[in-house]
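Data block below; observations after.
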Amino acid sequence: MGGYHGRYLRIDLNSGTANYVVLPESVLRRFLGGVGLGTWLLHHESPAGVDPLAREAALVFCFSPLVGTSLTTSAKFAVVAKSPLTFRLNDALSSSHFALAGKRSGADALVIVGACAAPSVLVIEDGAVRIEPAGELWGLDSDETTKQLGELFGPEFHSAVIGPAGENLVRYATISHANRHAGRGGLGAVMGSKRLKAVLVAGTQRVPVADPARVLAASRDLSQRSFGPATAKYRELGTVSNLLTFNRLHALPTRNFQQGQFEQAESLSGESLNATRRVARESCASCTIGCEHIYSSSDGNVRLEYESLFALGPLCGIGDRDIVLRAARICDRLGLDTISAGATVAFAMECSERGLLIADGLRFGDGQALLSLLPRIARRGDSLSDLLAEGTRRAAEHIGGDAPDFAPHVKGLELPGYEPRTLQTMALGFAVGSRGADHNRSGAYELDFSATTDRLHGSPEAAALATDTEDRAALIDSMILCKFLRGVFTDFFAESADLLRIVTGWDITADELRMTARRIVTAKKLYNVREGWTNSEDTLPRRFLSEGLSIGVATEATLTRERLQSMIDAYYAARGWNPDGQVSESLIGDLQLTDL
């Protein structure tokens, strides 16, 4: 079996000990790696009903069979844990050298349980584990922490770190590596609860592949295709190019989803940013696409994606590009998920304008207030920031009144930059997502942008198609490859089977991988069911189901509760789940999930 060590490293911070645990080939073939294997490990390593911030909760770093090969975009890793924001399964991906060094350290995954007695750094080198005091690193931002760790440990070590937000258990804190982030769901808070400032990895244990010559040939072919038109958008402007398109379609969430267009969109557009602020274009390790666009702000340079741009700009009613860039830089350095941070501030702005929250005159468009609030949230510096550090669901419950009706979350996870009333297949993806409102685990928006569906009138027929985008995302996140590569494949499942066959030596087929994807999606659901999920969670905030969205003169986009429910019912049926969203014992058997 190529591509795998066939084991994971289990580290107990309570005792400071570690041991290898065998991963049977049957488990690896059923779940592959990344998000899939991480989900299986969480089922086995995290006690049922555990508080995500308790010492018993597991934090999983998971690699994949493709990590360490020459295949473009394969230097990625998944972080999986129970989310302190949603209390449901959470997985997030990040990229670059931590993935390569982590796998060379001798394991297919790292499972961390327990908690350190004092702030510490976990060092893993070729499977040998030691815990060292964090000392003065505790309290530093992620950039400075990474810099000092590099000086202390040398270039062979690569680190995943938390900033002050993780230390202070902000429920949407990130884990950062080289200014890339496992961003959503509060994984940085899970790491902070274990008093871990950083995880450092290094090693020399490379894993052979089954057919090196064919892997090399496939790598050359995939790299060549990655230079084509399917990735041109990412190379030329990056994801910030979405902003003007979404604005034109009334799909750009503005002022906490009260509008779908922003009057200052031109000043924040990718075209404007690239003309006035871009200073560099960079790539992750082992990547030929080069999607990272670096921009200058008055506080320094920052890497910016569409989601950060929308959340800290239009969602908060802010059109000053320097303010938005500075806010993104603050979030990156302090370890705040930009989507949840922006959404929480935008929600607070609306609450303040409605008189529901006393917040020093906080209003939409107040860029200075945004810049002031973000560091306070990261450090829980006062009563307002302490409340906002809990996320919109908990803040809305505390504020009361009609605040929960317009708190922009699903299952506690704040919505990304897609307006559900004008992208109604994506609305379904948000509602049923295992980690909450999510654009990365469901690509249902691809259907809304196609001729296949009517984006203003969601339908049960579209729901069945949406499962395929979710399956493809589950597979690509478990192999792991970058989703920006997805457009270069002619037949994704067949070509993925080809790649896995030459890396692992398995006689794997496209049909087997379709089953694998379905298995992984349902395994996530089963974890959530174990933790208390009911189908009442598969919905959207009241605002989206009771308020129309203006899309022109005397024209509104509406999404009724009945329409959404019909789509959810069709989604459950397409998945083979029961009408209430539960999973039958027979399907558990069919999907080979009886060991969960």
Side-chain angles (χ1 to χ4, degrees), residues 79 84 92 94-98 116 118-122 132-153 157-200 279 282 292 294-305 307-308 311-312 322-342 344-345 368 370-382 385-386 388-389:
V79 188
S94 190
S95 304
S96 227
H97 291 281
F98 184 90
C116 300
S120 301
V121 171
L122 175 63
E132 299 190 4
E136 294 182 357
L137 294 174
W138 197 258
L140 296 182
D141 67 38
S142 60
D143 285 1
E144 186 60 30
T145 300
T146 300
K147 177 184 175 183
Q148 292 199 22
L149 287 170
E151 293 170 352
L152 287 168
F153 289 92
F157 281 92
H158 295 274
S159 59
V161 309
I162 60 171
E167 296 171 6
N168 292 300
L169 308 185
V170 175
R171 291 186 185 270
Y172 43 91
T174 65
I175 297 174
S176 302
H177 164 60
N179 203 32
R180 299 170 182 89
H181 313 280
R184 306 235 62 197
L187 295 166
V190 176
M191 193 160 150
S193 72
K194 299 183 177 304
R195 299 187 185 90
L196 268 186
K197 181 64 176 176
V199 177
L200 288 101
V279 295
E282 297 178 354
E292 296 183 347
I294 313 300
Y295 303 95
S296 64
S297 79
S298 58
D299 288 341
N301 294 342
V302 61
R303 181 174 62 87
L304 192 70
E305 303 289 347
E307 294 297 340
S308 301
L312 300 168
D322 192 60
I323 293 287
V324 174
L325 290 165
R326 290 169 65 191
R329 190 168 188 270
I330 289 170
C331 289
D332 287 350
R333 292 174 68 95
L334 298 181
L336 292 168
D337 170 22
T338 53
I339 298 175
S340 287
T344 302
V345 172
Q368 292 303 320
L370 173 66
L371 296 179
S372 170
L373 262 176
L374 293 173
R376 288 157 53 197
I377 290 171
R379 294 185 167 85
R380 293 184 178 263
D382 52 61
S385 60
D386 189 50
L388 299 184

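Position 1 is the first residue of the sequence, and the numbers go up from there. Computed from a predicted model, the values in this text were never measured in an experiment.
- In terms of modelled atom types and a separation under 3.5 Å, the side chain of Arg171 and the main chain of Pro84 share a donor-acceptor contact.
- Using a 4.5 Å heavy-atom cutoff, the side chains of Val345 and Ile377 are in contact.
- To the nearest 0.5 Å, atoms CG (Leu200) and CZ (Phe98) are separated by 8.0 Å.
- Leu334 is listed as a side-chain neighbour of Pro375, based on a closest heavy-atom distance under 4.5 Å.
- At most 12 non-hydrogen atoms from other residues, nucleotides or ligands lie less than 6.0 angstrom from CD of Glu136.
- Residues Arg195 and Ser120 fail the side-chain proximity criterion, which asks for heavy atoms closer than 4.5 Å.
- Salt bridge Asp332/Arg303: absent, no basic N to carboxylate O contact under 4.0 Å.
- Expressed to the nearest 0.5 Å, how far OG of Ser298 lies from CG of Leu325 amounts to 9.0 Å.
- Residues Ile323 and Leu371 have side chains in contact (heavy-atom distance under 4.5 Å, counting atoms from C-beta outward).
- Counting only distance, with no hydrogens or angles, the side chain of Glu132 and the backbone of Val121 share no donor-acceptor pair below 3.5 Å.
- Annotation for Cys331 and Thr338: closest pair CB-CG2, 3.6 Å, computed over non-hydrogen atoms.
- Val161 has its side chain out of reach of His177: every pair of non-hydrogen atoms, C-beta onward, lies at least 4.5 Å apart.
- Cys116 contributes atom SG, which lies 9.0 Å from atom NZ of Lys194 (distance to the nearest 0.5 angstrom).
- His158 and His97 have parallel rings, their planes meeting at less than 30° on a 0 to 90° scale where 60° marks the start of perpendicular.
- For Glu307, there are no salt bridge (charged side-chain N to carboxylate O under 4.0 Å, His left out) partners, not counting sequence neighbours.
- Among residues two or more places apart in sequence or in another chain, the side-chain hydrogen bond (donor to acceptor under 3.5 Å, both in side chains) test is passed with Arg180 by Glu292.
- Under the rule for a salt bridge (charged side-chain N to carboxylate O under 4.0 Å, His left out), Arg329 has no partner lying at least two apart in sequence or in another chain.
- A distance-only check finds no donor-acceptor pair linking the side chain of Asn168 to the backbone of Val170 [under 3.5 Å].
- Distance alone, capped at 3.5 Å, places no donor-acceptor pair between the Asp382 side chain and the Arg376 backbone.
- Smallest separation of non-hydrogen atoms from Leu137 and Glu167: O-OE2, 4.2 Å.
- Heavy atoms only, all atoms of each residue included: Leu388 and Tyr172 are closest at O-OH, 2.9 Å.
- Between the side chain of Arg380 and the main chain of Leu169, a donor-acceptor pair closer than 3.5 Å is present.
- Side-chain atoms of Ile162 and Ile175, non-hydrogen and from C-beta on, do get closer than 4.5 Å to each other.
- Here the closest non-hydrogen pair linking Leu187 and Ala182 is CD1-CB, 4.4 Å.
- Annotation: side chain of Met191 is in contact with side chain of Val199 (closest heavy-atom distance under 4.5 Å).
- Judged by distance alone, with hydrogens and angles left aside, the side-chain atoms of Arg326 form no donor-acceptor pair with the main-chain N or O of Asp299 at under 3.5 Å.
- Nearest heavy-atom pair across Pro164 and Leu140 is CD-O, 3.5 Å.
- Between the side chain of Ser142 and the main chain of Arg333, a donor-acceptor pair closer than 3.5 Å is present.
- The distance from the CD1 atom of Ile294 to the CG atom of Asn179 is 7.0 Å, given to the nearest 0.5 Å.
- Side chain of Ser308 to backbone of Leu304: no donor-acceptor contact under 3.5 angstrom is found.
- Across every non-hydrogen atom of Lys197 and Thr145, the tightest pair is CE-OG1, 3.2 Å.
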